[in-house]
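One structure is given here, and the rest of the page talks about it.
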Amino acid sequence: MKYILLFITSFVFAQQTQFVDFKSVTGQLILNAKEKSVSGSVDYQFEVLKPLDTIKIDAKNMEFSHVQIDNKDAVFLNTGKQLQIVYNFQKGKNHLSFEYVAKPKQALYFVAIENSEVQIWTQGQGKYTSNWFPSFDDVNEKLIFSLGITYDKEYQVVSNGILEEKIKKENNLHWQYKMQKPMSSYLLMLAIGKFDKKEFKSKSKIPLEYYLENKDTDRFEPTYRYSKRIFDFLEKEIGVKYPWKIYRQIPVRDFLYAGMENTTTTLFATRYVVDSIGFEDRNYTNVDAHELAHHWFGDLITAESSTHHWLQEGFATYYALLAERDIYGDDYFYSKLYETAQQIKFASRSDNIPVLNAKASSLTFYEKGAWALFVLHESIGDKAFKKAIKNYLKKYAYQTVNTQDFFDEIKKVSSFDLVQFQKTWLESTAFDTATANTLLSKNKAIQVRLEVDKLKKTPLAEKNDFFIKTLNSDIYSGVKTAILDQLEDEKYEAKKQLLLLALKTNNVKVRQAVAETLTKIPEDFRVEYEALLEDKSYQTQEIALYWLWKNFPDHQAEYLNKSKNRIGFNDYNLRTLWLSLALSTPDYSDTPESLISELIAFSSAKYEATTRQNALEKLIAFKIINDQVLTNLVKATTHHMWQFSKFGRDTIRLLIKNTEMRASFERILINLNPDEQFQLSRLLKE
């Protein structure tokens, strides 16, 4: 059976790449938010290279009609996974057209917003685009896409490529987008919402469009602070002009990942929409650079299979680091590499899957892949590395590649031992610490960081003077936070002087480390710790508020009064914490019912998943639980974000161990919708 499966898989692969060459596709689509459906007409242009009797297009759970080849009705089979057209195909050009309807279970998401508004967006990475648009799961099948989308005129609609025209149709607008160059289907996208847009041009005259929801326009500068600079830097650093005609960036609600490099239009999570204070802890810089780098490494040239996925993720991670180096400096760059090296080394104790393996972890593909490139870059020199990258991108533009293709270009510019390099960095699960430390030690901050880390098991009295000297120096903040990590379990009196020195650095990250590591706050440190409540960091403020409230009951009202109007990040981290603390403080509020209502509202579907989870965690931790809270918790189990739905399921599993809680869940079951009833019933039966 194994061999039959391999034969079938090989045949399907060969059928698409050796027998048929799909050139382009045009889709005219209508989105229905109420029905959560997409429908439309699709037109494929393709060339038959060798005669065959069936062509296949991936299409999950769709209905088809008016299927025609060269304007003549065609015999077709809908398997539920593919549209298969049966025909006596001979060599030459052909034209396939059909209409379809789908209610996608994934990849196309309709996110409800208050006042009956909606955001609609796609996420196709992997083999998911075929859930909403008949296309190709095989990344080796690249073609030119052109999408037209009709939707409510009050909304903006974005897809890949240049906007060719916008046509009014009664209460709707039809937006026609077109690509000029081919791409893989997983990079196809659309996004619909109410956005404000600002337009710029890169140094190379590429149009840059940056979007935000209308309510967030005052957050434009911190959110996109370095976006244009990153674009200009990467074009210069890579040495190949941005390969597309336009570049857009759009934050969307409840996005599944940090960002996604859809060709010409990156979608990213709203957690990176920040004000100037939020920028300190959640800025978009790294994600911005990573997704843009993919427009060369992933979009322009695409790994032919998952085995070579590092050619996308490792490259995007490395070039994002280079962009951050340009912005934040060498100390930041080397410190990030040092931190990821520690993560890889720790993971290698149990992770036995190397970079060149389709089942490698994200840490391996991304971070170890980036490390491999850093070692290669340093080993062959900047000039040779850049020449090889430039040749590699130009030679394989709009094609798929493998690791050997990349190595072939390295061989042309250097005699570097790629065989040993591949064994060490791409085929071994061990981490070459000696080589890594040699390269990292070029940086003074890392030299000191290595000294600090060697002292982890040394008694504090023996390393105290060195720590004082380091905290008083102008060394990079990451080194100082490493010192504070070593102090966490030390007695307060022994470390007090070091904590005070750390606070005096006035560095947000160093002071935040004090807040995180000192959870039992002595009275004689209270005033110093209270100052953290005013730091320009929502994360620090949240940590400080909680631990001050917990450690000093007599001052709880004072802390609550000081922070009562704070919101925090766009997930309301400070507001939800404040509400839970206010409700847990005896005699603090005259209207606890209104506070309870507000906190429960944050757990409802009106808000994004991160806000809802924040609120639910606090409601349950502080035992503020009623039927509405339990209902909102069950609703979490049906959410499209797996992290949030898992939180919902895991929390319910814990709660129903309590007999009274189980009875409460059983009582609300009848009032839930069918999907929610299914999820809760399954959990109750476990």
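A 4.5 Å side-chain heavy-atom check between Val139 and Tyr186 finds at least one atom pair inside the cut-off. In this structure the side chain of Thr264 never reaches within 4.5 angstrom of the side chain of Lys245, judged on heavy atoms. Side-chain atoms of Ile113 and Gln119, non-hydrogen and from C-beta on, do get closer than 4.5 Å to each other. Side-chain contact check for Thr122 versus Leu188: every heavy-atom pair is 4.5 Å or farther apart. Using a 4.5 Å cut-off on side-chain heavy atoms (C-beta onward), Leu31 and Phe110 make contact. Inter-residue side-chain proximity for Gln123 and Leu267 is flagged as unmet; no heavy-atom pair is nearer than 4.5 Å. With a 4.5 Å cut-off on side-chain heavy atoms, Leu190 and Leu108 count as touching. Leu256 is listed as a side-chain neighbour of Met641, based on a closest heavy-atom distance under 4.5 Å.
In this structure, Arg282 satisfies the cation-pi test against Phe569, with its NZ or CZ atom closer than 6.0 Å to the six-membered ring centre and inside 45 degrees of the ring normal. For the pair Lys198 and Tyr224, the cation-pi criterion (under 6.0 Å, within 45° of the ring axis) is not fulfilled.
Checking Asp58, Asp137, Asn61 one by one against Ser130, the side chain to side chain donor-acceptor pair (under 3.5 Å) holds for a single residue, Asp137.
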Exercise for review: With side chain to side chain contact (heavy atoms under 4.5 Å, CB included) as the test, would you mind laying out the steps for Asn160 and Trp244 before giving the verdict?
Suggested key: CA-CA 10 Å; Asn160 311 81; Trp244 316 99; over 6 Å; no
Point to revise | Test log, rule salt bridge (charged side-chain N to carboxylate O under 4.0 Å, His left out), inputs Arg225 and Glu221 | key: CA-CA 5 Å; Arg225 181 167 293 171; Glu221 189 283 325; 2.9 Å; yes
Practice item. Show your reasoning for whether side chain to side chain contact (heavy atoms under 4.5 Å, CB included) applies to Gln106 and His640. Key: CA-CA 8 Å; Gln106 57 183 334; His640 67 262; over 6 Å; no
Point to revise | Intermediate values then yes/no, side chain to side chain contact (heavy atoms under 4.5 Å, CB included), Lys181 and Thr263 | key: CA-CA 10 Å; Lys181 296 290 184 179; Thr263 313; over 6 Å; no
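Taking the six-membered ring wherever Trp is involved, the centroid distance between the rings of Trp310 and Phe315 falls below 6.0 Å. A centroid separation of 6.0 Å or more is found between the aromatic rings of Phe406 and His308. Taking the six-membered ring where the residue is Trp, the centroids of Tyr257 and Trp642 are separated by 6.0 Å or more. A ring-centre distance under 6.0 Å is found for Tyr607 and Tyr572.
Within a 6.0 Å radius of NZ in Lys166, other residues, nucleotides and ligands contribute 12 heavy atoms or fewer. Dense packing is recorded around NE2 of His95, with more than 12 heavy atoms of other residues, nucleotides or ligands lying under 6.0 Å away. Dense packing is recorded around OH of Tyr44, with more than 12 heavy atoms of other residues, nucleotides or ligands lying under 6.0 Å away. Counting non-hydrogen atoms of neighbouring residues, nucleotides and ligands closer than 6.0 angstrom, the CD atom of Glu63 reaches no more than 12 such neighbours.
A donor and an acceptor atom, one from each side chain of Gln643 and Gln613, are nowhere located under 3.5 Å apart. Inspection of the Asp675 and Asn673 side chains reveals no N or O donor paired with an N or O acceptor under 3.5 Å. With hydrogens and angles left out, the side-chain atoms of Thr150 and His174 include a donor and acceptor closer than 3.5 Å. Between the side chains of Gln28 and Gln176, at least one donor-acceptor pair of N or O atoms lies under 3.5 Å.
Note on ring orientation: taking the six-membered ring where Trp is involved, the planes of His290 and Tyr366 are parallel (angle under 30°, cut-offs 30° and 60°). Note on ring orientation: taking the six-membered ring where Trp is involved, the planes of Trp296 and Tyr242 are perpendicular (angle over 60°, cut-offs 30° and 60°). Phe297 and Tyr392 have parallel rings, their planes meeting at less than 30° on a 0 to 90° scale where 60° marks the start of perpendicular. Classified by interplanar angle (parallel below 30°, tilted 30° to 60°, perpendicular above 60°), the ring pair Phe647/Phe644 is parallel. Between Tyr100 and Phe98, the ring-plane angle classifies as perpendicular under the 30° and 60° cut-offs. Taking the six-membered ring for Trp and thresholds of 30 and 60 degrees, Tyr247 and His295 have ring planes more than 60 degrees apart, a perpendicular arrangement. Taking the six-membered ring for Trp and thresholds of 30 and 60 degrees, Phe200 and Tyr210 have ring planes inclined between 30 and 60 degrees apart. By the 30° and 60° cut-offs, the orientation of the rings of Phe268 relative to Tyr272 is tilted.
Salt-bridge check for Asp232 with Lys236: failed, with every basic side-chain N at 4.0 Å or more from each acidic carboxylate O. Checked for salt-bridge contact, Lys194 and Glu154 miss the test: no charged N lies under 4.0 Å from a carboxylate O. Under a 4.0 Å N-O distance rule, the pair Arg229/Asp326 qualifies as a salt bridge. A salt bridge links Lys386 with Glu237; the closest basic N to acidic carboxylate O contact falls under 4.0 Å.
With Lys178 contributing its side chain and Gly161 its backbone, the two residues share no donor-acceptor pair below 3.5 Å.
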